[in-house]
Amino acid sequence: MRKRFTIAFILAAVCISACRSSLDADGTGFVRFGVIEDPSVTDAVSPAVRSNLLSLVDSLPGEDDFVLTVFRDDSEIWSGMLPDWPVRKRIPIKGCKVTASCGTGEEGYCKPVLTGEQMIVIAGFDTTDVTVTVRLANCLVKAGFSETFTSYFPTHEVKITTGAGNEFFFDEDGDEPAFIDPYKFSATCACINQGGADVNLGPFAYDNLKAGVCYTLYFDVKNIGTTSVTVSVSLDDIEEEIDLGIIELN
């Protein structure tokens, strides 16, 4: 009798183990979501260096500002703000993915778009913590001016026009970057020199932009006091020079 009882007990244990393995493979479970921000930005200079997005903008969105969307095999099964996620909601433990995003995608100053995605792997029968790392999805453009340029052109204003047709302006009073779609933009610069003469530079066109990169249009003046004045405009490793010829200063 003891042998039969022992065999029966072993069979029951095997049966329970098989059922649990089946549930682990095809069942559902609970998830608790979190978001972590990667605020690094690559400056488009040679060699490229990395800086912190917080050094370019006043603040970044908080975790509660993110929208979560949960997918199963590319079909949406839940979407809403992160704080509204129902922790006791069961989701399939296989084939699920979550995306996190913040920002409308609208171009502008102080309008970063942060996005990320993560596959969901639920372990056992406990609530699984899933952290989504989000990174900058747009790029930044700002302007910089050498002291020589600012001295020669006391008044100057740079206008960029994005691929979406939005316009942003930069002058000597500030260098707050514009967040734009990582596609393309063109730039012009309207200046007034020391003698009061109007000088218009550009347009200059740039494309093949990349997300998470800060592009600085840098303006400089060379050859002052010689036979002509030259303005150089650089963006990353692209440099253009404009010979303004001899300009009389009144």
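The figures here come from the full heavy-atom set of this structure, side chains too, leaving out hydrogens, waters and symmetry mates. For this chain, numbers begin at 1 and follow the sequence in order.
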Pairwise side-chain contact, [X] with [Y], heavy-atom cut-off 4.5 Å (strictly under):
X: Q118; Y: K97; answer: no
X: L114; Y: P61; answer: yes
X: I77; Y: F71; answer: no
X: V41; Y: V213; answer: no
X: V70; Y: F33; answer: yes
X: V231; Y: D220; answer: no
X: L140; Y: K142; answer: no
X: Y206; Y: V141; answer: no

Give a yes or no on whether the backbone of [Y] and the side-chain of [X] come within a donor-acceptor separation of less than 3.5 Å.
X: T162; Y: A164; result: yes
X: W85; Y: G34; result: no
X: S55; Y: N52; result: yes
X: T161; Y: G165; result: no
X: Q194; Y: S151; result: yes
X: E107; Y: D181; result: yes
X: R72; Y: K94; result: yes

Tell me if the [atom1] atom of [X] is crowded by more than 12 foreign heavy atoms within 6.0 Å.
X: I192; atom1: CD1; answer: yes
X: F169; atom1: CZ; answer: yes
X: E147; atom1: CD; answer: no

Looking only at heavy atoms, what is the nearest atom pair of [X] and [Y], with distance?
X: T115; Y: A137; answer: OG1-CB, 3.7 Å
X: A143; Y: T216; answer: C-CG2, 4.2 Å
X: D129; Y: R32; answer: OD1-NE, 2.6 Å
X: F145; Y: D171; answer: CE1-O, 3.9 Å
X: V233; Y: F204; answer: CG2-CZ, 3.8 Å
X: V132; Y: G116; answer: CG1-C, 3.6 Å

Note to self: Over 60° means perpendicular and under 30° means parallel, so tell me whether F168 and Y109 are parallel, tilted or perpendicular.
What the structure shows: perpendicular

Would [X] end up clustered with [Y] when hydrophobic side chains under 4.5 Å apart are linked, directly or stepwise?
X: F170; Y: F149; value: yes
X: V221; Y: V199; value: yes
X: F30; Y: W78; value: no
X: M81; Y: V87; value: no
X: L68; Y: V31; value: yes

Next item on the list: Would you check, one step at a time, whether the test side-chain contact (heavy atoms from CB on, under 4.5 Å) holds for F219 with H156?
Entry: CA-CA 10 Å; F219 292 79; H156 50 270; over 6 Å; no

What distance separates [X] [atom1] from [Y] [atom2], expressed to the nearest 0.5 Å?
X: N193; Y: Y152; atom1: CG; atom2: OH; answer: 5.0 Å
X: Y215; Y: D43; atom1: OH; atom2: CG; answer: 11.0 Å
X: E37; Y: C102; atom1: CD; atom2: SG; answer: 7.5 Å
X: C191; Y: E157; atom1: SG; atom2: CD; answer: 10.0 Å
X: T104; Y: K111; atom1: OG1; atom2: NZ; answer: 6.0 Å
X: S146; Y: F153; atom1: OG; atom2: CZ; answer: 10.0 Å

Checklist line | Stepwise side-chain contact (heavy atoms from CB on, under 4.5 Å) check, I180 with C139 | finding: CA-CA 6 Å; I180 71 170; C139 67; 3.6 Å; yes

Note to self: Could you go through R50 and S40, starting from their C-alpha distance and side-chain angles, then the distance that decides it, and tell me whether this counts as side-chain hydrogen bond (donor to acceptor under 3.5 Å, both in side chains)?
What the structure shows: CA-CA 6 Å; R50 295 183 73 79; S40 59; 2.5 Å; yes

Margin query: Determine whether L217 and F185 satisfy the following criterion, side-chain contact (heavy atoms from CB on, under 4.5 Å), listing intermediate values before the conclusion.
Written below: CA-CA 11 Å; L217 274 166; F185 72 90; 3.8 Å; yes

Margin query: Check this for me, if you would: do E239 and K222 make a salt bridge, where the nitrogen-to-carboxylate-oxygen distance has to be below 4.0 angstrom?
Written below: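 Between K222 and E239 there is a salt bridge, with a charged N closer than 4.0 Å to a carboxylate O.
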
Next item on the list: Start with the C-alpha gap between L56 and C214, add the side-chain angles, then the distance that decides, and say whether side-chain contact (heavy atoms from CB on, under 4.5 Å) holds.
Entry: CA-CA 9 Å; L56 302 171; C214 180; 4.2 Å; yes

